[in-house]
Protein chains: 2
Amino acid sequence: MSKRVTIDDVARLAKVHKATVSRALNEQTADMVHGATAERVRQAARELGYVPNAMARALRVNVSMTIGIVVPDLMNPIFPPIVRGIERVLQPRGYTVLVANTDGHADVEAAAIESLTRRRVDGFILATGRLDDEQSLAAAHADGIHVVMVNREAAAGAPYPSVSGDNTAGVALSLDHLLELGHTRLLYLAGPQNYSTTRSRAIAFQSLVRGRNGLTTSVVEVGELTAEAGSAAMDRVLSSPGPLPTAVLAGNDLVALGVLRSVRRHGLRCPEDISVVGFNDMTFAEDFCPPLTTVHLPLVDIGAEAARILLAGIEDGEPRRSTVELPVSLVVRKSTGPAPRSHVGSLEQGAAE
Amino acid sequence: MSKRVTIDDVARLAKVHKATVSRALNEQTADMVHGATAERVRQAARELGYVPNAMARALRVNVSMTIGIVVPDLMNPIFPPIVRGIERVLQPRGYTVLVANTDGHADVEAAAIESLTRRRVDGFILATGRLDDEQSLAAAHADGIHVVMVNREAAAGAPYPSVSGDNTAGVALSLDHLLELGHTRLLYLAGPQNYSTTRSRAIAFQSLVRGRNGLTTSVVEVGELTAEAGSAAMDRVLSSPGPLPTAVLAGNDLVALGVLRSVRRHGLRCPEDISVVGFNDMTFAEDFCPPLTTVHLPLVDIGAEAARILLAGIEDGEPRRSTVELPVSLVVRKSTGPAPRSHVGSLEQGAAE
DNA sequence: TTGTAAGCGTTATCAG
DNA sequence: CTGATAACGCTTACAA
């Protein structure tokens with residue numbers, strides 16, 4: 001536990017003042033010192049195994065080179081790619097990333113933000129997508145800490161820049177695909193409405209569907225964005241009376257996965273009896289049973305772009321106000337197919353075209 | 001960007017010395033100050049929105065309350081559960097977690113460790129499982145920073161405690177299962193041998209299989225622990241001459257997934273033509289096509305246990321030397337079935353029982 | 001119970 | 001080009 005070596009130790013060995021050591025070891029200021037001196041200092045540092053204390057530096061210069069990322073749950077497969085994207089741009093610039101999970105609870109989110117604020121992160125990237133106003137975040141923001149939202153639709157008076165996929169386009173793509181396959185009885189399985197992504201997807205669905213003739217549509221809200229919740233919701237749908245939907249659009253892939261499980265359990269086949277389309281194109285969506293047709297979001301890029309905007313804000317001083325929506329695409333796999341013939345005749349509302 | 005409020009600001013408002021503020025706001029020392037004074041201080045702090053500077057504190061007390069986690073790739077689904085487990089025990093104790101990805105490269109791993117050392121983490125949890133000796137880690141360790149390995153078999157002279165699943169038992173379980181199903185021609189698809197987990201699994205396989213009559217076994221090493229590498233390796237196996245294995249044990253689930261894909265592409269059916277068993281029971285293994293039979297590792301527990309050991313070491317001062325192997329279980333799903341009858345007669349070596 | 005003062009390891013500023 | 005000094009925000013002997 002030999003007391004850590006400090007800049008003073010290096011100075012002593014190199015027979016210079018610690019200020020000189022500081023200058024010699026710093027890229028920015030290295031040219032302020034004589035070449036030979038600098039080399040002597042570097043040599044001494046190497047010899048002693050000197051590792052600068054980033055906290056002392058941060059305290060002095062008031063910049064921690066640290067970014068806090070807040071996610072609901074790293075185990076949700078959409079977040080690791082986003083985090084990777086963020087790291088990909090931050091790491092090379094010398095930033096380190098602090099990740100906090102919130103489990104989707106507002107109070108632990110507040111605690112996480114507070115904890116990161118204590119650590120004096122230079123900025124926040126929030127991937128929680130909750131719509132509730134966050135007290136501690138606003139406070140941090142007021143103190144000049146930059147914030148970028150990710151995977152979150154910017155609200156009207158959005159105080160923070162945001163980066164997300166084009167949810168409306170994604171829903172439109174899915175819808176077109178299903179319509180082309182002849183589906184007329186559609187179910188939208190929406191996520192909780194206090195998540196902006198799922199909310200905006202649901203809104204997109206409603207407005208795209210409105211005014212189309214020959215369509216029977218319904219929207220059911222699932223309590224959580226998990227396979228379990230999706231499964232439970234679909235169970236309820238499948239065991240309720242009346243004609244079943246021939247296709248379901250899920251709020252995200254996890255929900256879609258739950259639907260797949262439920263459909264299987266009920267002895268129905270996907271896509272023969274019912275088509276399913278997801279959202280996000282999470283890792284392994286192609287390996288599901290059947291491989292999931294879903295809207296592909298460029299998650300890594302979304303993370304990277306968020307990081308870039310954050311950095312730009314930090315460097316300018318001026319917080320940006322951008323709202324970026326990255327393009328999405330539909331990747332058609334095996335969970336969607338032609339609408340089942342047997343149902344065509346049994347429409348009970350809406351005129352068939 | 002109003003200059004952050006400091007302890008002095010609070011002191012001024014509460015009309016006490018900053019030392020008193022420090023004492024009042026600190027759980028440990030709060031009882032050293034008069035109740036009324038403490039309340040006044042808390043009130044002032046609240047009023048000003050005071051958030052203590054953790055770095056200044058860390059600098060003073062020489063404890064950062066920060067733990068560095070080093071993983072190869074957060075996008076590999078086995079790591080998020082481990083990280084969650086770690087957080088689950090660290091968070092409540094006030095620790096914050098710094099996660100660094102290495103992409104499996106030794107040099108970026110070194111850089112990550114150095115970066116975390118600069119930040120003066122109180123400990124490391126390494127989930128990289130590489131066997132290469134890490135220079136900067138040894139240096140940190142020599143300076144009294146605690147280290148715990150996770151998902152890594154302890155080598156003979158292991159300098160650090162480690163927590164992992166019982167790999168040998170896992171392989172034994174898989175093997176027994178396949179033997180019971182009548183498989184006699186077995187392929188082990190091992191991961192790279194510089195990962196201790198995959199190495200010890202491969203060794204377990206070899207030694208368990210040795211001396212068993214009536215078995216034809218082979219071991220093929222795949223270059224990486226990814227679905228792509230697994231797929232490529234299996235492609236090679238399937239397009240080589242000679243009788244095919246009736247069952248393959250994969251070094252981990254990702255490799256198994258690659259095998260599944262390859263098998264499908266080659267027009268073979270799993271498990272009718274070939275059985276596949278994985279290792280790890282990663283999230284969504286049950287949703288693969290077919291659902292994957294695999295060895296379940298208690299990943300969250302593994303992470304949690306690692307964190308506990310780390311904390312114990314930090315609190316004692318004395319680094320532990322424990323090597324923990326958590327029990328594993330086989331979860332049988334649909335990717336394994338009876339050995340195909342058609343092959344029974346065509347064994348070309350080893351006596352059928 | 002509270003105040004004083006020193007110091008944690010850096011870097012910025014100002015002299016030399 | 002280099003050295004001295006102060007300051008970043010906090011905790012902790014020690015003193016009152």
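Chain identifiers are assigned alphabetically (A, B, ...) following the order of the sequence lines, protein sequences preceding nucleic acid strands; residue numbering begins at 1 within each chain.
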Rounded to whole Å, please give me the gap between [atom1] in [X] and [atom2] in [N].
X: B/Lys15; N: C/dT2; atom1: NZ; atom2: P; result: 15 Å
X: A/Asp31; N: D/dT2; atom1: CG; atom2: P; result: 12 Å
X: B/Met55; N: D/dC10; atom1: CE; atom2: P; result: 10 Å
X: A/Ile7; N: C/dC8; atom1: CD1; atom2: P; result: 14 Å
X: B/Asp8; N: D/dC8; atom1: CG; atom2: P; result: 9 Å
X: A/Met65; N: D/dC8; atom1: CE; atom2: C1'; result: 18 Å
X: B/Leu59; N: C/dT11; atom1: CG; atom2: P; result: 12 Å
X: B/Lys18; N: C/dT4; atom1: NZ; atom2: C1'; result: 10 Å

Any side-chain N or O of [X] less than 4.0 Å from the OP1 or OP2 oxygen of [N]?
X: B/Asn53; N: D/dC8; answer: no
X: B/Thr20; N: C/dT2; answer: no
X: A/Thr6; N: C/dC8; answer: no

I'd like to know if the side chain of [X] and the backbone of [Y] have a donor-acceptor N/O pair within less than 3.5 Å.
X: B/Asp73; Y: B/Met75; answer: yes
X: B/Ser115; Y: B/Ala111; answer: no
X: B/Thr102; Y: B/Glu109; answer: no

Query raised in the report: Please walk me through it: do B/Val150 and B/Phe79 pass side-chain contact (heavy atoms from CB on, under 4.5 Å)?
Result: CA-CA 10 Å; B/Val150 108; B/Phe79 295 115; 5.8 Å; no
So, [X] and [Y], do they make that salt bridge, N to O below 4.0 Å?
X: B/Asp31; Y: B/Arg23; result: no
X: A/Arg119; Y: A/Glu114; result: no
X: B/Arg42; Y: B/Glu47; result: no

Report task. Please work out if B/Asn62 contacts a base, only the sugar-phosphate, or nothing of the nucleic acid, heavy-atom cut-off 4.0 Å. Result -> nothing
Contact list (N/O, under 3.5 angstrom) for nucleotides 12-16 of chain C vs protein:
unit_1: C/dA12; atom_1: O4'; unit_2: A/Arg60; atom_2: NH2; d: 3.1
unit_1: C/dT13; atom_1: O4; unit_2: A/Arg23; atom_2: NH1; d: 3.4

Query raised in the report: Of B/Val33 and A/Tyr50, whose closest DNA chain C nucleotide lies nearer the 5' terminus?
Result: B/Val33
